[in-house]
Each structure stands twice: as C-alpha cells, then as structure tokens.
Undergrad: 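I have a structure here, written as structure tokens, and I will follow up with some questions on it.
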Amino acid sequence: MKCPYCGHQEDRVLDSRPLEAASIIRRRRECQSCHKRFTTYERLEEVPLMVIKSNDRREPFNREKLREGILRACEKRPIGPDVIERIIAEIEYELQDYVMQVPSRVIGEKAMKKLKDLDPVAYIRFASVYRQFGDAGAFLEELEKLQKMKKEEPKAAPDFHPGRGRKSLKTRKKKETVAL
C-alpha cells in the first residue's frame, strides 16, 4: 500500500477489523519510512452476474425479480415467507458456479425444481408463466407429467429406529392392541 504522506510502498498492518457483516475490512497501517499512520478500507469487488435472456439480451441478476415470481406462484398456498427466502438463497448459492453470466432458463429450471419438490400447485403456477403455456393442452400435458411422476415416487419406508431396525406394520399393530 502506498503511503498517502510520503508515497513509500512499504507499510505494516497494525490492526484489522471487519465492518458491515465482514464485507468490508478496516486496516490501520503504519508507513515504514515516515512512521505516520493511516487507515485503509478493503472491499471485495463484486462482479455482477449477468443473465442472458432468451432473445440474447443481457441484464444484471435481480434477486427481487426471482422473489416476485416465486411469491406469485406460492400465493394463497401454505408456504411461509421463510421457506421462500430459503429457496431464493439456495438458487442464488447454486448460481455461484457460473462465472459472470448465466442463461435465464437455468434460473427458471432451478426455481421450478425447488417448487416441484415443495408444492405441486406452486410448481404448476410457476411453470405456466415460465414456459408460457399457449393453450390448455400444454397446461394439461404438464399436469399429466406431474401426476405420472407422483405415481412413480417410491413408497415411504416403514418406521425406522436406530438400533431396533425396521418395524413392520403388523408388529406395530400388535404392540398397539397389546398395549390397550
């Protein structure tokens, strides 16, 4: 770091403290030549993630835009705001794998996958806007795919307790009737 008083390049750090939730670091320095002290602030340079739209237009990633779409899909559904925030944070975290730009379809697909796992109605709502269903046939097609996936899901495993192994349904019923 260049000394603001004498221009000398050598200094030593006396104290470092994080500010604003550790996104800024304040450093107290002393010049090795003139021994005057000065303060520097270091901030991580954030390169904005650019979203490549379907028409090849580019715009900065907007967390609020993603939140609005998910909120609209989850409207009047039993999904709390904390769950929505978690979904948005997870998507944002997954987007860190992309360097400087990401196709918009990747963001949409990630949101649809999260909503499909969470709530089928919210998923269908989001998909209808995201995929721009042109008619009722496209909408019904997506519903049929969802139904088919629901039927193919594996059945829930019987109760499991570490150390006791699996309990069969018969064993549980016998124990319940004996207890009465």
Undergrad: Do R125 and E75 have side-chain heavy atoms sitting under 4.5 Å apart?
TA: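 Yes, side chains in contact.
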Undergrad: Just verifying a value: how many Å separate F61 CZ and M50 CE, rounded to the nearest 0.5 Å?
TA: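 Taking CZ in F61 and CE in M50, the distance rounds to 12.5 Å.
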Undergrad: Indicate yes or no: at least one non-hydrogen side-chain atom of I70 is less than 4.5 angstrom from one of C74.
TA: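 With C-beta onward as the side chain, the pair touches.
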Undergrad: Between I24 and E42, does the side-chain contact (heavy atoms from CB on, under 4.5 Å) criterion hold? Intermediate values first, please.
TA: CA-CA 6 Å; I24 300 174; E42 297 175 19; over 6 Å; no
Undergrad: More than 12 foreign heavy atoms under 6.0 Å from CZ of R28: is that the case here?
TA: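 Above 12, so yes.
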Undergrad: Measure across S104 and S54 and return the closest heavy-atom pair with its distance rounded to 0.1 Å.
TA: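 Looking at all heavy atoms of both residues, the closest pair is OG-N, 4.0 Å.
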Undergrad: Is the shortest heavy-atom distance from the side chain of Y98 to the side chain of V106 under 4.5 Å?
TA: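 Side-chain contact under 4.5 Å: yes.
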Undergrad: Would you mind reporting whether K53 and R58 have side-chain heavy atoms less than 4.5 Å apart?
TA: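 R58 does not reach K53 side chain to side chain.
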Undergrad: Same hydrophobic cluster for L115 and M112, using side-chain heavy-atom links shorter than 4.5 Å among ILVMFWY?
TA: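 Yes, L115 connects to M112 through the hydrophobic network.
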Undergrad: Could you tell me whether the side chain of E92 reaches within less than 4.5 Å of the side chain of R63, counting heavy atoms only?
TA: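 Counting from C-beta outward, R63 and E92 do come under 4.5 Å.
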Undergrad: For the atom pair CG (N62) and CD1 (I107), what is the distance rounded to the nearest 0.5 Å?
TA: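 Spacing of CG (N62) from CD1 (I107) equals 10.0 Å.
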Undergrad: Rounded to the nearest 0.5 Å, what separates atom CD in E30 from atom CZ in R12?
TA: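 It is 5.0 Å, given to the nearest 0.5 Å.
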Undergrad: Working to the nearest 0.5 angstrom, can you tell me the gap between R29 CZ and D15 CG?
TA: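 Here the interatomic distance stands at 11.5 Å.
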Undergrad: Give the C-alpha distance, both sets of side-chain angles, the deciding distance and a yes or no for side-chain contact (heavy atoms from CB on, under 4.5 Å) between C3 and S33.
TA: CA-CA 9 Å; C3 174; S33 177; over 6 Å; no
Undergrad: To the nearest 0.5 Å, what is the distance between CD (E68) and CD1 (I88)?
TA: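 If I round to the nearest 0.5 Å, the distance is 10.0 Å.
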Undergrad: Quick check for you: to the nearest 0.5 Å, what is the distance between M1 atom CE and Q9 atom CD?
TA: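 One finds 9.5 Å between CE of M1 and CD of Q9.
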Undergrad: Which atom names give the shortest non-hydrogen contact between K65 and E59, and what distance separates them?
TA: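 Between these two residues, the closest heavy atoms are NZ-OE2, 3.0 Å.
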Undergrad: Look at R67 together with E85 and state whether they make a salt bridge at an N to O cut-off of under 4.0 Å.
TA: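 Here R67 pairs with E85 in a salt bridge, since their nearest N and O are under 4.0 Å apart.
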Undergrad: Membership question, hydrophobic clusters at under 4.5 Å side-chain separation (ILVMFWY): are V121 and V129 in the same one?
TA: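 Different clusters.
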Undergrad: Does a donor on one side chain sit under 3.5 Å from an acceptor on the other, for S16 and R27?
TA: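 Side-chain D/A pair, S16 to R27: present.
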Undergrad: Regarding K113 and E109, does a basic nitrogen lie under 4.0 Å from an acidic carboxylate oxygen?
TA: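 No, K113 and E109 are not salt-bridged.
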Undergrad: So, do L14 and R37 sit near enough that their side-chain heavy atoms are less than 4.5 Å apart?
TA: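 Answer yes - side chains close enough.
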Undergrad: Do the non-hydrogen side-chain atoms of Y41 and I25 ever get within less than 4.5 Å of each other?
TA: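 With C-beta onward as the side chain, the pair stays apart.
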Undergrad: Cluster question for you: counting only ILVMFWY and a side-chain heavy-atom cut-off of under 4.5 Å, with indirect links fine, are V102 and I91 together?
TA: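 Yes, it is one cluster - the side chains of V102 and I91 are joined through contacts under 4.5 Å.
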Undergrad: Mark yes when over 12 heavy atoms from residues, nucleotides or ligands other than R77 sit less than 6.0 Å from its CZ; otherwise mark no.
TA: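 Yes - once you tally the heavy atoms of other residues, nucleotides and ligands closer than 6.0 Å, there are more than 12.
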Undergrad: Give me the atom names and distance for the closest heavy-atom approach of F38 to C31.
TA: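 Nearest heavy atoms, F38 then C31: CE2-N, 4.2 Å.
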Undergrad: Could you pull out the closest heavy-atom pair between G108 and F126, with the gap in Å?
TA: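 Minimum heavy-atom contact is O-CE2, 3.8 Å.
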Undergrad: Hey, are the side chains of V51 and Q101 touching, using non-hydrogen atoms and a 4.5 Å cut-off?
TA: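 Not in contact.
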